[in-house]
Amino acid sequence: MHRWSQLFIPTLREAPADAEVASHKFLVRAGYIRQVAAGLYSYLFIGQRSFNKIVAIVRQEMDTIGQEFYLPALHPRELWEASGRWAVMGDNLFRLKDRKGAELCLGMTEEEVMTDIARKELRSYKQLPQIWYQIQSKFRDEPRPKSGLLRVRQFLMKDSYSFDLDPAGLDVSYQKHRDVYRRIFDRCGLKYMIIEAHSGAMGGSQSEEFMVRTPAGEDQIVSCENCDYAANLEKATSKLAPVTDLALEGDGSPLEVHTPGQKTIEDVARYLGVSPKNKIKTLALMAAEKDPKTGKSRPRPVILLMRGDHQMNEAKLSSAVEGRETRPMEAKEIEDLFKSPAGFLGPIGIDWAKDMKDVDRPVLFVDKALEGRSNLISGANREDYHVKNITPGKSFHPTAYADLRSVSAGEGCPKCGSPLRIDTAVEIGHIFKLGYKYSESMGARVLDKNGKEVTPIMGSYGIGIERILTAAVEQGNDDNGFWLPAAIAPFEIVVTSTNVRDENLKNAAENIAQRLESSGYDVLLDDRDERPGVKFKDADLVGIPYRVTVGRKVTEGTVEVVQRSTREMTDVSIAAITEYFQGKLRPAL
RNA sequence: CGGGGAGUGGCUCAGCCUGGUAGAGCACCUGGUUCGGGACCAGGGGGUCGGAGGUUCAAAUCCUCUCUCCCCGACCA
């Protein structure tokens with residue numbers, strides 16, 4: 001029996017000054033967590049209890065498809081060199097040296113260690129498929145930890161890895177994870193959505209994220225109000241309303257117009273009396289390109305053309321340039337390429353690269369929204385001049401058309417055309433078809449039926465344990481505190497006796513708590529010698545879904561049951577208390 | 001890394017501009033009253049004012065450097 005009077009549950013009347021989001025404020029106030037340093041938290045008794053419940057659910061469900069390992073958090077440099085990530089991860093990877101000077105890092109994920117086991121141990125197709133998982137602390141030297149447990153430097157993650165003989169096998173492993181994740185998040189009582197995700201520069205094909213909508217989130221997700229389309233903003237596309245092109249002017253060749261001092265899209269559009277939708281936006285960037293001879297990095301111009309009213313999306317740009325680092329061009333670089341100051345840039349008069357391998361010429365990517373358009377207006381590459389009658393493919397030849405723009409709310413769903421909405425959300429899980437990246441680079445091989453060496457294909461799948469708790473708190477809170485789904489709450493019921501000095505009440509509360517506990521419920525008995533108000537406030541704060549108030553009605557043989565989320569209050573006879581919760585917390589299946 | 005803000009008892013904050021014996025509320029300890037929504041009275045303990053250096057007869061307060069934390073951005077399989 002857990003007695004509040006004996007426990008360490010340091011509740012706070014006020015939120016710490018540096019807490020901003022609800023989950024951060026409440027988890028600290030409720031005594032779940034305490035901050036140690038930026039992005040590092042201690043989990044106290046009731047916090048840890050809640051984490052344990054989440055972990056138990058994750059473990060139980062994962063065991064239905066995979067095998068649990070426990071791998072070290074400390075990894076040798078060699079493994080990360082082998083995968084190439086020692087160089088790629090940059091400052092986000094915690095690095096250190098041991099006494100002998102050997103370099104190590106703290107794992108952000110465990111592809112390397114898992115693949116290392118696979119390459120040493122897996123020999124035959126008969127051993128496939130495999131799904132291995134673990135639940136371990138992960139470390140990331142975040143440039144900016146924030147929002148309490150939402151973005152931290154050390155966190156608990158369930159990560160699993162699948163090894164299959166072929167892509168069809170990977171599809172199966174991926175689908176298994178998708179199903180199990182749904183069960184996990186359903187059991188955790190979260191309202192979530194599954195969205196298409198950006199695969200990132202790390203390669204891989206299909207990728208989906210499990211997202212919980214909340215203003216505290218960091219991701220932007222696009223979803224259809226009508227059908228099931230949902231995608232990360234980094235990936236989302238939309239149907240655009242048709243735009244009426246301008247009429248051809250003059251003899252149809254590019255026609256310069258004087259636009260003194262008109263630099264922004266809006267200025268030019270207004271000055272010429274056209275919509276920004278008929279204007280081309282020219283973005284000038286430099287990408288880091290490896291010189292094929294010297295192997296050294298050198299900047300290469302990458303120019304983007306967008307519809308005047310559209311915004312460029314960084315993730316899509318990253319895909320277009322195949323992961324190369326990019327930065328805005330400096331004024332001098334712009335002058336060198338365009339022979340014109342910024343504000344009047346355009347695609348004409350420049351010899352663009354035919355493809356990415358054509359490294360000596362500048363790259364021109366044109367957003368797909370401009371494909372098929374005609375008689376647009378762009379800068380003339382001459383100060384104070386713009387140019388009309390610009391038609392992509394005719395007036396200039398792009399290196400490639402690419403999806404570069406960010407979707408805006410209200411645009412049409414790519415599936416059904418209904419309006420799209422954009423929300424912020426927290427990512428709680430991610431499933432990802434990795435492909436051959438790690439098995440290839442680290443040299444995992446098995447023999448297939450024909451005795452031929454083949455590289456297993458991998459998937460990786462993560463769940464952020466802290467984020468489940470955080471999302472749950474964000475999803476259920478009010479001015480007084482929060483409530484957790486019973487499955488992940490530190491306790492299911494708090495039994496509050498209004499006055500422990502009254503022997504009758506004290507004994508009744510003790511008795512009820514005892515009975516509930518022996519019926520299998522997780523019960524916290526608030527037996528503190530505090531005024532009722534204090535105990536009610538604390539009960540409201542700490543996230544327990546039900547409160548049983550043992551008070552003045554005891555003489556009539558009843559107690560009050562309060563459901564925290566709805567504040568709904570029910571008088572229940574003491575004799576029938578366990579049955580009451582049978583219906584609430586253990587509904588018949 | 002760029003921009004902004006903040007470091008004063010355990011917590012929330014005032015005091016700083018205009019230098020002169022460190023404050024309030026909450027929390028904590030003792031005694032008493034109280035007991036269904038964060039009680040009241042009386043008494044009490046607790047602070048090198050983030051750190052270092054400087055100016056000054058005198059620094060929480062002014063100056064310089066530095067550390068830490070928060071927010072926005074950049075960053076983020």
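A, B, ... follow the sequence lines: proteins, then strands. Residue 1 opens every chain.
The side-chain contact (heavy atoms from CB on, under 4.5 Å) check on A/Lys146 picks up A/Arg144, A/Arg151, A/Glu218, with sequence neighbours excluded. Among residues two or more places apart in sequence or in another chain, the side-chain contact (heavy atoms from CB on, under 4.5 Å) test is passed with A/Asn507 by A/Glu503. A search for side chain to side chain donor-acceptor pair (under 3.5 Å) contacts involving A/Thr237 returns nothing, not counting sequence neighbours. Partners of A/Glu314 under the salt bridge (charged side-chain N to carboxylate O under 4.0 Å, His left out) rule, at least two apart in sequence or in another chain, do not exist in this structure. Among residues two or more places apart in sequence or in another chain, the side-chain contact (heavy atoms from CB on, under 4.5 Å) test is passed with A/Pro301 by A/Met286, A/Met329, A/Leu337, A/Pro362. Legend: residues meeting salt bridge (charged side-chain N to carboxylate O under 4.0 Å, His left out) with A/Asp166, ordered by chain and number and at least two apart, are absent. By the salt bridge (charged side-chain N to carboxylate O under 4.0 Å, His left out) test, A/Asp18 pairs with no residue at all, sequence neighbours left out.
A cation-pi arrangement, defined by a distance under 6.0 Å to the six-membered ring centre and an angle within 45 degrees of its axis, is absent between A/Arg567 and A/Trp483.
Using C1' as the reference atom, B/U8 and B/G51 are 14 Å apart when rounded to the nearest Å. Distance noted for atom P between B/A6 and B/A52: 22 Å (whole Å). B/G19 and B/C62 are spaced 8 Å apart, taking the C1' atom of each and rounding to whole Å. Nucleotides B/C13 and B/G53 are separated by 29 Å at their C1' atoms, to the nearest Å. For the P atoms, the distance linking B/A24 with B/C69 amounts to 31 Å, nearest Å. Rounded to a whole angstrom, the distance from the C1' atom of B/U64 to that of B/U55 is 11 Å. Spacing between B/C26 and B/G20 at atom C1', rounded to whole Å, works out to 31 Å. Annotation: B/U61 and B/C71 have their P atoms spaced 27 Å apart (nearest Å).
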Output one letter per nucleotide in nucleotides 33-40 of chain B: B when a protein non-hydrogen atom lies under 4.0 Å from the base, S when only the sugar-phosphate is that close, - when neither is. -BBBBBB-

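When both pairing distances are held under 3.5 Å, B/C69 makes a Watson-Crick or G-U pair with B/G5. Both distances falling under 3.5 Å, in either a Watson-Crick or a G-U wobble arrangement, occur for no nucleotide opposite B/U34. Base pairing of B/C26 is made with B/G10, judged by Watson-Crick or G-U wobble geometry with both donor-acceptor distances under 3.5 Å. Both distances falling under 3.5 Å, in either a Watson-Crick or a G-U wobble arrangement, occur for no nucleotide opposite B/U48. Across all strands shown, B/C63 is found opposite B/G53 as a Watson-Crick or G-U wobble partner, with both distances under 3.5 Å.
The distance between atom CZ of A/Phe155 and atom P of B/C76, rounded to the nearest whole Å, is 15 Å. Rounded to whole Å, atom P of B/C76 lies 10 Å from atom CD of A/Glu234. Between the P atom of B/C76 and the CG atom of A/Asn313 lies a distance of 13 Å, rounded to the nearest Å. With rounding to whole Å, A/Met108 atom CE is found 15 Å from B/C75 atom P.
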All N/O pairs under 3.5 Å across the protein-nucleotides 68-74 of chain B interface:
from, atom 1, to, atom 2, distance (Å)
B/C69, OP1, A/Ala38, N, 3.0
B/C69, O2', A/Asp18, OD2, 3.1
B/C70, OP1, A/Gln35, NE2, 3.0
B/C71, OP1, A/Ser147, N, 3.3
B/C72, OP2, A/Arg144, NH1, 3.0
B/C72, OP2, A/Arg144, NH2, 2.6

Under 3.5 Å, which protein N or O atoms sit close to an N or O of nucleotides 4-8 of chain B? Give each pair with its distance.
none

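Within the structure, every pair that satisfies the salt bridge (Lys or Arg N to Asp or Glu O under 4.0 Å) test and touches residues 544-561 of chain A, not counting sequence neighbours, is listed here: A/Asp540-A/Arg547, A/Lys553-A/Glu560, A/Lys553-A/Asp571. Every pair passing ring pair (Phe, Tyr, Trp, His ring centres under 6.0 Å) that includes a residue from residues 138-174 of chain A is listed here, sequence neighbours excluded: A/Trp132-A/Phe163.
The distance between the ring centers of A/Tyr43 and A/Tyr32 does not fall below 6.0 angstrom. In this structure, A/His2 has its ring center closer than 6.0 angstrom to the ring center of A/Phe491.
A residue-by-residue look at A/Glu427 and A/Pro16 shows that A/Pro16 has its nearest nucleotide of RNA chain B further toward the 5' end. For A/Tyr461 and A/Ala15, each mapped to the nucleotide of RNA chain B holding its nearest heavy atom, the one lying further toward the 5' end belongs to A/Ala15.
Contact annotation for A/Pro10: no contact, since no heavy-atom pair falls under 4.0 Å across all strands.
Ion pairing between A/Asp538 and A/Arg528 holds under the 4.0 Å rule for side-chain N and carboxylate O.
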